[in-house]
Amino acid sequence: MLRRYGALGGATILAVVCSGVGLPPPFRPDPPDEAPRWRALTAEAVAPAALGELALGAPQRVQAPGIAESLGAYAERLQRAEASRGAAVKAWKLRHAPLRAPVPPKEKPRLTSEPGHLTGEGLPPVIVQVPTDQKVIFLTIDDGADKDPRLLDMLRELEIPVSGFLADEVARADYGYFREAQREGYAMHNHSINHREMNRLSLAEQRAEICGQQAIMEKELGHRPVLFRPPYGAYDENTLRAAADCGIELVPLWAAEAFPDRIDFGRPDGKFHPGDIVLTHFRGEHEWGADMTDMVRLLVDTATEQGFAIARLEDYL
């Protein structure tokens with residue numbers, strides 16, 4: 001199931017010391033051959049190993065210098081990481097430093113289709129929100145039309161996780177960009193080949209769109225995703241049946257959509273709720289009159305002001 005992808009880092013140790021909002025309407029791929037050049041600073045990555053590896057029977061006075069040295073190096077790494085992140089906050093002109101995501105729960109929720117969405121035996125659940133009490137939201141980016149290298153720089157420097165949903169129709173111009181994103185630790189998922197409204201297609205046509213993109217992503221990115229998002233959030237029972245036939249285990253839609261100048265909330269209170277999935281698109285100046293970094297800046301500042309951290313979707317599934 002979804003849990004086989006596990007966590008790609010989770011929260012940092014610093015915690016310890018397509019449009020259609022309201023329509024009925026990521027998960028990490030198998031690790032690439034090349035290890036990610038960036039991943040969020042985590043307890044596993046920075047905690048001194050000596051703390052968990054005390055030699056049984058060795059005198060404490062012998063072990064103490066090694067532990068102290070490890071703690072000192074650990075604190076120094078934390079300071080450097082936080083200083084670098086603080087510089088990135090200024091460089092990208094955020095109003096606030098992004099909140100650090102908490103450690104994701106070890107026990108993953110049992111996912112079922114949310115009220116108002118189709119469900120059935122053997123069909124993947126359809127969700128707009130991950131069941132959690134933690135004040136986290138999840139940023140997802142659809143289609144792959146605009147491929148801004150500054151977006152990857154910003155996400156890396158601010159340690160903001162995202163999940164992509166790629167449609168071959170527009171992503172095919174440069175899968176190298178998405179291979180780069182994947183090496184950075186960002187998961188890439190299925191958004192069909194031609195970005196058509198699924199519920200206007202036959203079962204066979206939908207299967208061709210979804211399974212075809214599975215094969216393309218395996219060729220280009222080295223894995224067959226288990227998440228699928230139907231373009232425009234439009235789907236029917238055949239969509240879910242075709243998705244299941246193609247190896248899809250979950251259909252995540254969205255609770256809010258982010259633009260450079262606004263956030264469209266699916267709820268009347270105009271606020272994020274724990275576990276909300278946020279949609280945006282790979283877009284740029286030609287369509288938005290702004291770029292992806294402007295969208296990220298608005299989303300991060302809004303989330304931070306509401307007390308939410310942006311977490312990695314795949315860590316919660």
Side-chain angles (χ1 to χ4, degrees), residues 1-11 18 26-40 42 44-45 101 104-105 108-109 111 124-125 127-130 132 136-144 147 151-152 154-156 158-168 170-171 174-192 210 213-230 243 246-254 258 275-282 292 296 299 309-317:
M1 277 298 288
L2 305 179
R3 291 182 58 185
R4 68 174 177 270
Y5 288 94
L8 184 64
C18 354
F27 248 110
R28 202 167 72 219
D30 295 331
D33 293 337
E34 181 180 343
R37 294 205 309 271
W38 167 88
R39 62 181 68 211
T42 68
E44 296 86 355
K108 309 305 179 186
L111 299 174
I127 65 171
V128 302
Q129 181 182 30
V130 175
T132 180
V136 295
I137 59 174
F138 308 101
L139 176 58
T140 64
I141 312 180
D142 277 10
D143 67 45
K147 304 164 185 68
L151 171 65
L152 300 185
M154 184 182 197
L155 296 174
R156 180 194 313 113
L158 293 171
E159 300 179 19
I160 302 296
V162 300
S163 301
F165 289 81
L166 303 183
D168 182 67
V170 288
D174 185 9
Y175 269 106
Y177 177 84
F178 302 106
R179 285 192 288 271
E180 171 75 8
Q182 190 167 266
R183 285 193 294 268
E184 297 290 353
Y186 310 126
M188 297 292 129
H189 305 295
N190 191 325
H191 197 44
S192 81
I210 301 170
Q213 182 64 352
Q214 292 286 80
I216 290 169
M217 294 191 71
E218 183 173 29
K219 176 184 176 183
E220 297 289 348
L221 299 176
H223 73 285
R224 298 177 70 87
V226 295
L227 301 189
F228 168 69
R229 173 175 286 159
C246 299
I248 297 299
E249 298 178 10
L250 181 68
V251 175
L253 299 182
W254 59 91
D276 276 355
I277 299 171
V278 180
L279 164 71
T280 192
H281 293 80
F282 287 99
M292 297 292 291
V296 172
L299 176 66
I310 299 175
R312 181 174 286 105
L313 176 63
E314 296 74 21
D315 287 349
Y316 285 73
L317 300 177

**OP:** Give the intermediate values and the outcome of side chain to side chain contact (heavy atoms under 4.5 Å, CB included) for residues L317 and L227.
**Re:** CA-CA 10 Å; L317 300 177; L227 301 189; 4.1 Å; yes
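Of the possible polar contacts, none joining the H189 side chain to the F228 backbone as a donor-acceptor pair under 3.5 Å is found. Although no hydrogens or angles enter the test, the distance criterion places no donor-acceptor pair under 3.5 Å between the side chain of T140 and the main chain of G164. Not one N or O on the side chain of R229 forms a donor-acceptor pair closer than 3.5 Å with the backbone of H191. Formation of a donor-acceptor pair under 3.5 Å by the K147 side chain with backbone atoms of Y175 is not found in this model.
Atom-to-atom distance recorded for I310:CD1 and L155:CG is 9.0 Å, nearest 0.5 angstrom. Separating the CG atom in L313 from the CG atom in L250 is a distance of 7.5 Å, to the nearest 0.5 Å. M217 contributes atom CE, which lies 7.5 Å from atom CD of Q182 (distance to the nearest 0.5 angstrom). Here CZ of R156 is found 12.5 Å from CE of M154. Values are rounded to the nearest 0.5 Å. With values rounded to the nearest 0.5 angstrom, I277 atom CD1 is found 7.5 Å from F138 atom CZ.
Considering V128, D142, L139, I141 in turn, D142 is the only one that fulfils the side chain to side chain contact (heavy atoms under 4.5 Å, CB included) rule with L279.
Taking every heavy atom of both residues into account, L166 and A171 meet most closely at CB-CB, 4.3 Å. Nearest approach of A258 to T280, heavy atoms of both residues: O-OG1, 2.9 Å. Closest approach of A101 and A311 over heavy atoms only: CB-CB, 4.0 Å. When all heavy atoms of V251 and P124 are compared, the pair lying nearest together is CG2-CG, 4.1 Å.
Looking at heavy atoms from C-beta onward, I137 lies in side-chain contact with L299 at the 4.5 angstrom threshold.
For F178, the ring-ring contact (aromatic ring centres under 6.0 Å, His included) partners two or more places apart in sequence, or in a different chain, are F282. By the side-chain contact (heavy atoms from CB on, under 4.5 Å) test, Q214 is found to be paired with N190, R224, P225, C246, I248, residues two or more places apart in sequence or in another chain being considered. Considering only residues two or more places apart in sequence or on other chains, A181 meets the side-chain contact (heavy atoms from CB on, under 4.5 Å) condition with L152, Y186, M188.
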